Chemist: 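Sharing a structure below in structure tokens format, with a few things to ask.
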Amino acid sequence: MGKEILVTGSSRGIGKEIALYLAENGFDIVLHCRNNLQQAQEVQKLIQKTGQKSRILQFDVKDRKKCFEIITEDIKQNGAYFGVVLNAGIAMDNVFPIMTESEWDDVIDTNLGGFYNVLRPVIMPMIENRIKGRIVTLSSISGLRGNRGQVNYSASKAGIIGATKALALELAKRGITVNCVAPGVIESDMTKELPVDEVKKLIPMKRIGTGREVASLVNYLMGEDSSYITGQVISVNGGLYS
Ligand code: NDP
């Protein structure tokens, strides 16, 4: 059987590019979405063209019970995953003095809560099957540095960095690596409202990044050649705040 990787939030954006890139490099993909099943099915068709296998799971990463049930059942049917890319995430920007409870809670519960909800049911089967697997989490430059209007998002993404480093220490002796990719500004629905021309001026490379440029690093971290890299945060940012 091929090596299978769960990519959360792979119906669109960076997650879609990661799923396609990994499939092009010989991995089978467990696609995942919350609402956009049709878009996930389009991604599945593209993966079929690479010759790799894929299936789709649908659940809200905030929903702990559903995450556990669906992931556990999928592993029971198909076996433990080789890898997971914890990509699904949201931003709900607002300045802190007027940030609503739901803007705080939804972002923390999705981005950081998703770490526990998705990875907890995945890790034990990986250990039991002695898989020297790979976990890659998605943080952000906003989690490394903090960003105005993103106190909630920065907190969630900084939390992911801490959780990634701690989990890397716990799993190191099993040969499972846990690393974090921290993108700068990348083309996707999340960034489509940004004033692109203004943003580009701040980036040393004077352009926004692509999902594929993030995906190539994730693919490296999933491969044999990265087996001694763990607990690291690597930024893909065109030189922004490096
Ligand atoms: P998009 O908004 O384009 O896509 C988000 C994806 O996550 C979708 O597949 C969506 O599923 C899924 N998702 C969102 N919320 C949930 C949820 N509660 N449960 C399950 N799935 C969910 O985002 P990007 O591709 O831009 O971002 C991907 C990751 O990269 C995120 O973690 C983001 O924080 C991070 N990042 C992005 C940057 C950027 O510049 N774009 C910069 C730094 C980090 P559905 O389609 O079903 O809604």
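Just the heavy atoms: all of them, side chains too, but no hydrogens, waters or symmetry mates, feed the values below. The model shown is predicted, which means the values in this text are computed figures rather than measured ones. Whatever order the structure lists ligands and atoms in, that order sets their numbers, starting from 1.
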Chemist: Check each atom of ligand 1 against the heavy atoms of I90 and keep those under 4.0 Å away; list them by number with element.
Modeler: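 Once the distances to I90 are compared, the set is 14 (C), 15 (N).
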Chemist: Would you say the side-chain atoms of N237 pair up with the backbone N or O of L240, donor to acceptor, closer than 3.5 Å?
Modeler: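 Pair found, side chain donor or acceptor close to backbone of L240.
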Chemist: Backbone or side chain, does any N or O of P183 fall under 3.5 Å from an N or O of ligand 1?
Modeler: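 No, since none of the N or O atoms of P183 sits under 3.5 Å from an N or O of ligand 1.
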Chemist: Would you mind telling me which of N179, N111, T164 makes a side chain to side chain donor-acceptor pair (under 3.5 Å) with T137?
Modeler: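 That would be T164; it is the only one of N179, N111, T164 passing the side chain to side chain donor-acceptor pair (under 3.5 Å) with T137.
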Chemist: Looking at atom 10 (C) of ligand 1, what's its closest protein heavy atom, distance included?
Modeler: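 That would be R12 NH2, 3.7 Å.
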Chemist: At less than 4.0 angstrom from any non-hydrogen atom of I186, what atoms of ligand 1 do you find?
Modeler: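 Numbered from 1, ligand 1 contributes 39 (C), 40 (O), 41 (N).
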Chemist: Among all protein non-hydrogen atoms, which one is nearest to atom 33 (C) of ligand 1, and what is the separation to 0.1 Å?
Modeler: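 Nearest neighbour among protein heavy atoms for atom 33 (C) of ligand 1, to 0.1 Å: Y153 OH, 3.4 Å.
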Chemist: Identify the closest protein heavy atom to atom 44 (C) of ligand 1: which residue and atom is it, and at what distance?
Modeler: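 The closest one turns out to be S139 O, 3.2 Å.
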Chemist: Which protein non-hydrogen atom lies closest to atom 30 (O) of ligand 1, naming both residue and atom, and how far is it?
Modeler: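 In this structure, atom 30 (O) of ligand 1 has I14 CD1, 3.7 Å as its nearest protein heavy atom.
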Chemist: For the CD atom on E101, are there more than 12 heavy atoms of other groups (residues, nucleotides or ligands in this structure) within a distance under 6.0 Å?
Modeler: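 Counting other residues, nucleotides and ligands, CD of E101 stays at 12 neighbours or fewer.
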Chemist: Measure from the side-chain N and O atoms of E103 to the backbone N and O of N152, and report whether any donor-acceptor pair falls under 3.5 Å.
Modeler: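 Flag not set: sc E103 to bb N152 has no pair under 3.5 Å.
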Chemist: Looking at L171, I131, L119, which hits side chain to side chain contact (heavy atoms under 4.5 Å, CB included) with M126?
Modeler: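 It is I131; the other options fail the test.
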Chemist: Does Q58 reach ligand 1, in the sense of a heavy atom lying below 4.0 Å from it?
Modeler: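 Heavy atoms of Q58 never come under 4.0 Å of ligand 1.
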Chemist: Parallel, tilted or perpendicular: which one describes the rings of W104 and F96, with boundaries at 30° and 60°?
Modeler: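 Ring orientation of W104 relative to F96: perpendicular.
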Chemist: So is Q39 touching ligand 1 or not, going by heavy atoms under 4.0 Å?
Modeler: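 In this structure, Q39 fails to qualify as a contact of ligand 1 - no heavy atom is under 4.0 Å.
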Chemist: Could you check whether any side-chain N or O of T177 sits under 3.5 Å from a backbone N or O of S227, counting only pairs where one atom can act as donor and the other as acceptor?
Modeler: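 It does not hold such a pair.
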Chemist: Could you give me the CA-CA distance, side-chain angles and deciding distance for E73 and Q77, then say whether side-chain hydrogen bond (donor to acceptor under 3.5 Å, both in side chains) is met?
Modeler: CA-CA 6 Å; E73 184 56 29; Q77 301 284 331; 2.6 Å; yes
Chemist: Below 3.5 angstrom, do we get any N/O pair linking H32 and ligand 1?
Modeler: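 Between H32 and ligand 1, no N or O pair is found under 3.5 Å apart.
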Chemist: Side chain of S139, backbone of K157: donor and acceptor closer than 3.5 Å?
Modeler: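 Yes; at least one donor-acceptor contact below 3.5 Å.
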Chemist: What atoms in ligand 1 come closer than 4.0 Å to a heavy atom of S140?
Modeler: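 Near S140, the atoms of ligand 1 are 43 (C), 44 (C).
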Chemist: Quick one: does any side-chain atom of T8 pair with a main-chain N or O of A88 as donor and acceptor, under 3.5 Å?
Modeler: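 Indeed, once roles are kept as given, a pair shorter than 3.5 Å links the two residues.
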Chemist: Considering non-hydrogen atoms of the protein only, which is the closest contact for atom 42 (C) of ligand 1, and what is the distance?
Modeler: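 Nearest protein contact, heavy atoms only, for atom 42 (C) of ligand 1 is G184 O, 2.9 Å.
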Chemist: Does I127 share a hydrophobic cluster with L167, counting links as ILVMFWY side-chain heavy atoms below 4.5 Å and allowing steps through other members?
Modeler: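 Same cluster: I127 reaches L167 through Ile, Leu, Val, Met, Phe, Trp or Tyr contacts under 4.5 Å.
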Chemist: Please identify which atoms of ligand 1 are closer than 4.0 Å to at least one heavy atom of V185.
Modeler: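 Taking each heavy atom of V185 in turn, ligand 1 has 40 (O) under 4.0 Å.
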Chemist: Can you pull out the closest protein heavy atom to atom 47 (O) of ligand 1? Residue, atom name and distance to 0.1 Å, please.
Modeler: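 Answer for atom 47 (O) of ligand 1: N35 N, 2.7 Å.
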Chemist: Hey, is NZ on K76 packed in by over 12 heavy atoms from elsewhere, all under 6.0 Å?
Modeler: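 For K76, atom NZ is not crowded (no more than 12 foreign heavy atoms under 6.0 Å).
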Chemist: Could you say whether the N/O atoms of N87 and ligand 1 ever approach to under 3.5 Å?
Modeler: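 Between N87 and ligand 1 (N or O atoms, distance only) the closest approach is under 3.5 Å.
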Chemist: If you count the atoms of ligand 1 from 1 in the order shown, which ones are under 4.0 Å from a heavy atom of F59?
Modeler: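 Listed by number with element: 19 (N), 20 (C).
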Chemist: Please check: side-chain N/O of S10 versus main-chain N/O of G15, any donor-acceptor pairing under 3.5 Å?
Modeler: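 Such a contact is absent between S10 side chain and G15 backbone.
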Chemist: Among all protein non-hydrogen atoms, which one is nearest to atom 18 (N) of ligand 1, and what is the separation to 0.1 Å?
Modeler: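 Atom 18 (N) of ligand 1 sits closest to the protein heavy atom D60 OD1, 2.8 Å.
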Chemist: Against heavy atoms of C33, which atoms of ligand 1 measure under 4.0 Å?
Modeler: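 Near C33, meaning under 4.0 Å from one of its heavy atoms, ligand 1 has 47 (O).
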Chemist: For atom 9 (O) of ligand 1, find the nearest protein heavy atom and state the residue, atom name and distance (0.1 Å precision).
Modeler: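 Result for atom 9 (O) of ligand 1: S11 OG, 2.7 Å.
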Chemist: In terms of atom number and element, which parts of ligand 1 are under 4.0 angstrom from non-hydrogen atoms of G13?
Modeler: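 Here the atoms of ligand 1 in question are 3 (O), 25 (O).
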Chemist: Could you list which atoms of ligand 1 come closer than 4.0 Å to a heavy atom of V61?
Modeler: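 In order of numbering, the contacting atoms are 17 (C), 18 (N), 19 (N), 20 (C).
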